[in-house]
Chemist: 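Shown below is the structure under consideration.
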Amino acid sequence: MQLLILAVLVAGAAAAALQGGERIVPGGKPCIPGSRPYQVALVKDGHIHCGGSLVEKKWVLTAAHCNKDLGSVRVHLGDYDLQTYEGTEQFRRVKNIIVHPEYNRRPRDNDFMLLELDEPAELNSNVKTIGLATQCPAPGTKCTVSGWGTVTTPELKLTPILQCADIYSISEDRCKESYKDLITENMLCAGVEEGGRSSCEGDSGGPLVCNGMLHGVVSWGTAVCAQRGYPGVYANVCKAVQWVRDTIRDRPT
C-alpha cells in the first residue's frame with residue numbers, strides 16, 4: 001500500500017507529520033481464532049494489502065485509499081494465519097469497486113469503498129457478516145480493532161497472525177485537539193490515553209467494532225503509530241450507512 005505523508009500539523013512550535021496508507025496494533029495480541037468471522041484480508045502477491053469487513057454475502061466494506069491494483073488482489077474470508085492453510089478459508093476475487101462519491105484524499109474524508117465479490121460467501125461459524133452501526137459511539141465506548149498490520153513502529157514487521165487490540169472511542173473535540181481541522185464529522189477517533197495501542201501499517205480498511213457492530217474503518221494516523229495523545233482515525237460508519245445500503249440495494253443481482 002502507498003505510504004504517503006497526509007499532512008503536517010503545527011501545534012505551537014511542534015510539528016507532527018501524519019502518514020496515511022496501510023495502518024495494527026503495537027500493544028495488541030493475537031485474536032482468539034474464529035472470533036472475528038467478519039474480518040477480511042485483501043492479499044496481493046502473498047502480502048497483506050488492506051483489511052476489510054464482510055457486510056453482506058457479496059460485499060466487503062474497506063477504505064477508499066486501498067483502491068490500488070485490486071484486480072490482482074485475492075480476498076480471504078475466514079482466515080487467521082495468512083501463511084497456513086487452516087481449512088476455514090474462502091477465497092474470492094473483486095468483481096466491482098465502488099468508492100464513496102464524496103471521498104476526498106486529503107484529509108481522507110469519507111474514506112469508504114465497497115467491493116463486490118465475484119461469488120457470495122458461504123456463511124458459517126468462521127465466515128459471518130457484521131452489522132453496520134446506525135448511531136455513532138459515545139466517547140469512552142470500548143471497541144476492538146483487528147488486522148494483520150505491523151506489530152512494531154516505526155519499523156515495519158508484518159504478522160501473519162490476526163491481531164486484536166482493545167481501544168476506546170474519543171470525542172470529536174478531543175480528537176481535534178490533536179489533529180486540528182483535519183478531523184471531520186465523517187471520522188471517528190479511537191485509542192488509549194497512554195498510547196501504545198493503535199491500528200498501524202497494514203491495517204487500512206479493517207474493522208473497528210464496538211458493542212458487536214461495525215463502527216469504524218481503519219483510515220489514518222501518525223507516522224509513528226500509537227503515540228500518546230494521537231489516537232487512530234477511522235472512517236465513521238454511522239455516517240455512511242445509508243450510502244452502503246443504497247449502493248448494495250441498487251446493484252443488479
Side-chain angles (χ1 to χ4, degrees), residues 1-2 4 6-7 18-24 36 38-42 48-71 73 75 77 92 94-117 121 129-137 143-147 149 169-170 172 175 179 182-190 199 202-210 213-221 231-251:
M1 245 343 263
Q2 68 271 34
L4 55 90
L6 180 65
L18 294 189
Q19 170 179 285
E22 313 141 311
R23 303 242 16 104
I24 212 169
R36 302 292 183 272
Y38 49 81
Q39 178 87 42
V40 173
L42 305 180
I48 190 70
H49 174 70
C50 276
S53 302
L54 188 68
V55 296
E56 293 287 350
K57 285 185 179 181
K58 281 191 71 175
W59 293 91
V60 170
L61 182 62
T62 184
H65 75 263
C66 292
N67 186 15
K68 183 179 180 183
D69 301 327
L70 292 179
V73 158
V75 181
L77 312 171
R92 300 291 186 271
V94 176
K95 179 180 178 181
N96 285 304
I97 300 165
I98 304 172
V99 174
H100 194 288
E102 297 179 22
Y103 170 56
N104 185 349
R105 286 184 64 245
R106 301 194 181 196
R108 289 247 168 106
D109 202 18
N110 288 298
D111 193 8
F112 297 103
M113 178 170 62
L114 279 166
L115 305 179
E116 183 180 9
L117 305 180
T129 60
I130 187 169
L132 304 175
T134 57
Q135 294 185 331
C136 303
C143 307
T144 300
V145 61
S146 51
S169 59
I170 294 169
E172 183 176 333
C175 194
Y179 296 119
L182 291 179
I183 300 300
T184 76
E185 65 176 7
N186 303 309
M187 300 175 188
L188 168 66
C189 290
S199 52
D203 295 319
S204 278
L208 178 73
V209 174
C210 317
M213 304 295 285
L214 183 64
H215 276 266
V217 173
V218 178
S219 185
W220 59 274
V233 184
Y234 300 77
N236 197 359
V237 169
C238 67
K239 300 294 186 178
V241 172
Q242 200 59 52
W243 171 74
V244 172
R245 290 176 174 171
D246 290 349
T247 300
I248 294 173
R249 182 199 64 210
D250 293 342
R251 296 294 297 179

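Heads up: numbering here begins at 1 and tracks the sequence.
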Chemist: Applying the side-chain contact (heavy atoms from CB on, under 4.5 Å) criterion to Val241, which one of Thr134, Asp246, Leu214 satisfies it?
Modeler: Thr134
Chemist: What are the two closest heavy atoms between Glu185 and Glu172, and how far apart are they?
Modeler: CA-OE1, 4.1 Å
Chemist: Pick one: which of Lys58, Arg92, Lys57 meets salt bridge (Lys or Arg N to Asp or Glu O under 4.0 Å) with Glu116?
Modeler: Lys58
Chemist: Just how far is it from atom CD1 of Ile48 to atom SG of Cys50, taken to the nearest 0.5 Å?
Modeler: 7.5 Å
Chemist: Taking atom types as modelled, is there a side-chain donor on Thr129 or Glu56 under 3.5 Å from an acceptor on the other?
Modeler: no
Chemist: If you compare all heavy atoms of Gly52 against all heavy atoms of Val60, which two are closest, and at what distance to 0.1 Å?
Modeler: CA-CG1, 4.1 Å
Chemist: Aromatic rings His100 and Trp243: how do their planes relate, parallel, tilted or perpendicular, breaks at 30° and 60°?
Modeler: tilted
Chemist: Looking only at heavy atoms, which two atoms of Ser204 and Thr62 are closest? And how far apart?
Modeler: O-OG1, 4.4 Å
Chemist: Hey, mind stepping through Arg251 and Trp59 against side chain to side chain contact (heavy atoms under 4.5 Å, CB included) and telling me if it holds?
Modeler: CA-CA 11 Å; Arg251 296 294 297 179; Trp59 293 91; 3.4 Å; yes
Chemist: Is the backbone of Tyr103 close enough, under 3.5 Å, to the side chain of Asp111 for a donor and an acceptor to pair up by distance?
Modeler: no
Chemist: Rounded to the nearest 0.5 Å, how far does SG of Cys143 lie from CG of Leu208?
Modeler: 4.5 Å
Chemist: To the closest 0.5 Å, what do you measure between CG (Leu70) and CG (Leu42)?
Modeler: 7.0 Å
Chemist: In Å and rounded to the nearest 0.5 Å, what is the CG to NZ distance from Asn110 to Lys239?
Modeler: 10.5 Å
Chemist: State, to 0.1 Å, how close Gln39 and Gly51 come at their nearest heavy-atom pair, and which atoms those are.
Modeler: NE2-CA, 4.5 Å
Chemist: Looking only at heavy atoms, which two atoms of Ser199 and Val145 are closest? And how far apart?
Modeler: CB-CG2, 4.1 Å
Chemist: Nearest 0.5 Å, please: how far is CG in Asn67 from CZ in Arg105?
Modeler: 11.0 Å
Chemist: With no hydrogens and no angle check, do the side chains of Asp109 and Asn186 hold a donor and an acceptor under 3.5 Å apart?
Modeler: yes
Chemist: Which atom names give the shortest non-hydrogen contact between Ile170 and Cys175, and what distance separates them?
Modeler: CG2-N, 4.1 Å
Chemist: Using a 3.5 Å distance criterion without hydrogens, assess whether the side chain of Arg36 forms a donor-acceptor pair with backbone atoms of Ser146.
Modeler: no
Chemist: Nearest 0.5 Å please: distance from the SG atom of Cys189 over to the CD1 atom of Ile183.
Modeler: 4.0 Å
Chemist: I'd like to know if the side chain of Asn236 and the backbone of Leu188 have a donor-acceptor N/O pair within less than 3.5 Å.
Modeler: no
Chemist: Hey, does Phe112 have a side-chain heavy atom less than 4.5 Å from the side chain of Leu61?
Modeler: yes
Chemist: Show your working on side chain to side chain contact (heavy atoms under 4.5 Å, CB included) between Cys238 and Gln135 and close with a plain yes or no.
Modeler: CA-CA 5 Å; Cys238 67; Gln135 294 185 331; 5.8 Å; no
Chemist: Is there a donor-acceptor pair closer than 3.5 Å between any side-chain N or O of His215 and the backbone N or O of Val237?
Modeler: no
